[in-house]
A.B. asks: 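First, the structure itself, so that you have it in front of you.
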Amino acid sequence: MHHPVDSDDLEVALAKTAGYLREAKRVAVLTGAGVSAESGVKTFRDEGGLWEGHDVEAVATPQGFKRDPSLVWKFYNARRNQLAEVKPNPGHFALAELQRRFGHDNFTLITQNVDGLHQKAGTANVLEVHGSLRRIRCSNVACDYEEDRDDALEGLPECEKCARYLRPAVVWFGEVLPEDVFIAAKMAAKECDAFLVVGTSAVVWPGAWLILLAREFGANVIEVNLNPTDASSIVDVAMQGPSGVILPKLVEKLNS
Ligand code: OAD
């Protein structure tokens with residue numbers, strides 16, 4: 001069991017992490033909703049989080065969409081509309097800075113977030129394992145229609161190819177992850193020397209599993225989270241605090 005770190009402990013943890021990163025040729029990062037919390041985007045499982053106010057089955061499963069597509073679009077349109085207002089925070093920018101330091105080929109950012117804030121902060125080649133709120137696609141599995149759309153949508157949009165309802169291009173419960181993205185994420189976890197896990201409760205597959213994979217393949221694993229998580233006991237360093245504060249401190253430490 002980890003306890004909240006005081007500033008001395010944080011200094012030690014930052015120094016240890018900076019040491020791991022200096023030794024590392026390849027780095028991979030896994031982020032979750034916590035990294036966007038300081039931008040004003042709600043997390044899922046924290047107090048007041050999205051899953052507290054909504055029935056997951058109704059708004060985030062293919063069955064829910066089939067039953068009531070309007071309800072599902074209402075939920076996602078509210079989240080899509082928020083995208084115009086939210087901005088990356090210092091945590092997102094610090095990760096973009098790390099990518100510049102290691103180079104695109106040696107730094108892979110895997111995110112479970114669908115808000116696009118890493119890209120806005122300047123990170124390239126982001127692996128969005130849960131899809132994106134800024135894309136919509138056809139709900140017909142046999143149809144490959146998909147488009148980038150981040151404007152507000154009225155009513156129930158229909159596919160211009162097959163006339164079925166369009167849906168947000170996000171991954172719902174019970175659905176498989178986009179295969180190419182998932183393969184790339186697995187490879188990054190296996191090949192990295194340091195694996196940074198930021199702002200995720202790591203309870204949803206494949207988050208927790210990627211952490212185990214990285215560990216099994218020899219990476220040093222570093223966690224940044226406001227609170228201890230299920231993963232905290234198996235990582236090499238666990239730093240507790242807001243990612244918007246800790247990640248910039250880490251970059252500063254690396255540069256010093
Ligand atoms: P969760 O809501 O499960 O977890 C958010 C984590 O962020 C928690 O561990 C918090 O302690 C931490 N946190 C909150 N604020 C933070 C901050 N300022 N700095 C650092 N950490 C902070 O969100 P995810 O782990 O992203 O999937 O959830 C994973 C997936 O489950 C989501 O992608 C979503 C959800 O159901 C789908 O919608 C398919």
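Side chains included, hydrogens not; waters and symmetry mates left out as well; all remaining heavy atoms used. Bear in mind that the values here come from a model prediction, so they are computed numbers and not experimental data. In each ligand, atom 1 is the first atom listed, and ligand 1 is the first ligand listed.
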A.B. asks: For atom 39 (C) of ligand 1, what's the nearest protein heavy atom and its distance?
C.D. replies: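 The protein heavy atom lying closest is Val171 O, 3.0 Å.
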A.B. asks: Output yes when a side-chain donor or acceptor of His54 lies under 3.5 Å from a complementary backbone atom of Trp51, and no otherwise.
C.D. replies: no
A.B. asks: Step through the shown structure and confirm whether more than 12 heavy atoms of other residues, nucleotides or ligands are within 6.0 Å of CZ on Phe102.
C.D. replies: yes
A.B. asks: Taking only Lys NZ, Arg NE, NH1 and NH2, and the carboxylate oxygens of Asp or Glu, determine whether Arg100 and Glu97 approach each other closer than 4.0 Å.
C.D. replies: yes
A.B. asks: Could you find the nearest protein heavy atom to atom 36 (O) of ligand 1 and give me its residue, atom name and distance?
C.D. replies: Trp51 NE1, 2.8 Å
A.B. asks: Around atom 6 (C) of ligand 1, find the nearest protein heavy atom and jot down its residue, atom name and distance.
C.D. replies: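 Ranking protein heavy atoms by distance from atom 6 (C) of ligand 1, first comes Gly199 O, 3.5 Å.
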A.B. asks: Side chain, backbone, both or neither: which part of Ser201 comes within less than 4.0 Å of ligand 1 when only heavy atoms are counted?
C.D. replies: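 Answer for Ser201: both.
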A.B. asks: Considering only non-hydrogen protein atoms, determine which one is nearest to atom 16 (C) of ligand 1 and report residue, atom name and distance to 0.1 Å.
C.D. replies: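 Among all protein heavy atoms, the one nearest atom 16 (C) of ligand 1 is Gly34 O, 3.5 Å.
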A.B. asks: Run the side-chain donor-acceptor check on residues 185-197: report pairs under 3.5 Å with partners two or more places apart or on a different chain.
C.D. replies:
from	atom 1	to	atom 2	distance (Å)
Asp193	OD2	Lys25	N	2.9
Asp193	OD2	Arg26	N	2.8

A.B. asks: Does ligand 1 have any atom sitting under 4.0 Å from a heavy atom of Gly244?
C.D. replies: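 Per 4.0 Å heavy-atom rule, Gly244 does not contact ligand 1.
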A.B. asks: Report yes if some N/O of Val204 lies less than 3.5 Å from some N/O of ligand 1; otherwise report no.
C.D. replies: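 N/O-N/O distance below 3.5 Å does not exist for this pair.
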A.B. asks: Which protein non-hydrogen atom lies closest to atom 33 (O) of ligand 1, naming both residue and atom, and how far is it?
C.D. replies: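 Nearest protein contact, heavy atoms only, for atom 33 (O) of ligand 1 is His130 ND1, 2.7 Å.
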A.B. asks: Between Asp46 and Gly49, is there a donor-acceptor pair closer than 3.5 Å when you use the side chain of the first and the backbone of the second?
C.D. replies: no
A.B. asks: With the threshold set at under 4.0 angstrom, would you say Phe173 reaches ligand 1 through any of its heavy atoms?
C.D. replies: yes
A.B. asks: Is the charged tip of Arg167 near the ring of Trp172: under 6.0 Å from the six-membered ring centre and within 45° of its axis?
C.D. replies: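 Pair Arg167/Trp172 counts as cation-pi.
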A.B. asks: Around atom NZ of Lys120, are there more than 12 heavy atoms from other residues, nucleotides or ligands closer than 6.0 Å?
C.D. replies: yes
A.B. asks: Which residue holds the protein heavy atom closest to atom 12 (C) of ligand 1, what is that atom called, and what is the gap in Å?
C.D. replies: Asn225 OD1, 3.3 Å
A.B. asks: Measure the OG1-NE2 distance between Thr123 and His104 for me, rounded to the nearest 0.5 Å.
C.D. replies: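 Between Thr123 OG1 and His104 NE2, I get 8.0 Å after rounding to 0.5 Å.
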A.B. asks: Only heavy atoms of Glu38, strictly under 4.0 Å: list the atoms of ligand 1 that pass.
C.D. replies: 17 (C), 18 (N), 19 (N)
A.B. asks: Looking only at protein heavy atoms, which one is nearest to atom 25 (O) of ligand 1, and how far off is it?
C.D. replies: Thr200 OG1, 2.6 Å
A.B. asks: Please state which protein non-hydrogen atom is closest to atom 26 (O) of ligand 1 and give its distance, to 0.1 Å?
C.D. replies: Ala33 N, 2.8 Å
